[in-house]
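Model, not experiment: these values are computed from the prediction.
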Amino acid sequence: KAEKVEAMYHLVYMISLEKVVEDVELEVASLYAERLGFKNSLVCELLNSIVTADSDGNAKGDVRQQVIDFLRLNEA
């Protein structure tokens, strides 16, 4: 499961790098999340965490670990 969470994080992070997120990118990422066994809302949650990291005073790596910990807790 940790590898799946890592894969989703990296996918959403790559989408966010362009600073312009297209609907088709979110749709593909949501389908990928569902195929991996997650709710498609995971994509929006990850994107929000990544995009707001700087304004929240968190480093990108910290957000990544927070998201992974959050998902592990919610999978139980």
Side-chain angles (χ1 to χ4, degrees):
K1 294 263 181 182
E3 289 178 2
K4 291 179 182 180
V5 174
E6 291 273 345
M8 285 305 308
Y9 175 84
H10 291 298
L11 176 62
V12 175
Y13 183 75
M14 286 189 305
I15 290 170
S16 72
L17 287 176
E18 295 177 340
K19 303 204 189 264
V20 175
V21 179
E22 297 183 23
D23 290 340
V24 69
E25 292 173 319
L26 292 177
E27 185 177 337
V28 169
S30 295
L31 289 171
Y32 188 57
E34 288 178 354
R35 296 281 172 120
L36 291 177
F38 300 111
K39 295 178 183 177
N40 62 5
S41 62
L42 169 69
V43 174
C44 290
E45 292 172 20
L46 284 171
L47 186 60
N48 285 335
S49 295
I50 292 167
V51 170
T52 60
D54 291 335
S55 64
D56 292 342
N58 297 324
K60 296 282 189 217
D62 292 342
V63 171
R64 179 177 170 267
Q65 188 58 49
Q66 290 171 5
V67 169
I68 290 170
D69 291 344
F70 171 78
L71 291 172
R72 285 184 180 151
L73 288 174
N74 287 317
E75 287 177 352

Subject >> I50 vs Y9, side-chain contact (heavy atoms from CB on, under 4.5 Å): CA-CA, chis, key distance, verdict >> reply: CA-CA 9 Å; I50 292 167; Y9 175 84; 3.8 Å; yes

Subject >> Derivation and outcome, side-chain contact (heavy atoms from CB on, under 4.5 Å), residues L26 and L47 >> reply: CA-CA 10 Å; L26 292 177; L47 186 60; 4.0 Å; yes

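Nearest heavy atom pair, residue A33 against residue L42, reads CB-CD2, 4.5 Å.
Checked against side chain to side chain donor-acceptor pair (under 3.5 Å), E34 has the following partners two or more places apart in sequence or in another chain: N40. For the side chain to side chain contact (heavy atoms under 4.5 Å, CB included) test, residues two or more places apart in sequence or in another chain that qualify with E22 are V24, E25.
Transitive grouping of hydrophobic side chains (ILVMFWY, heavy atoms separated by less than 4.5 Å) brings L17 and V43 into a common cluster.
With values rounded to the nearest 0.5 angstrom, M8 atom CE is found 11.0 Å from E45 atom CD. With values rounded to the nearest 0.5 angstrom, N48 atom CG is found 11.0 Å from S16 atom OG.
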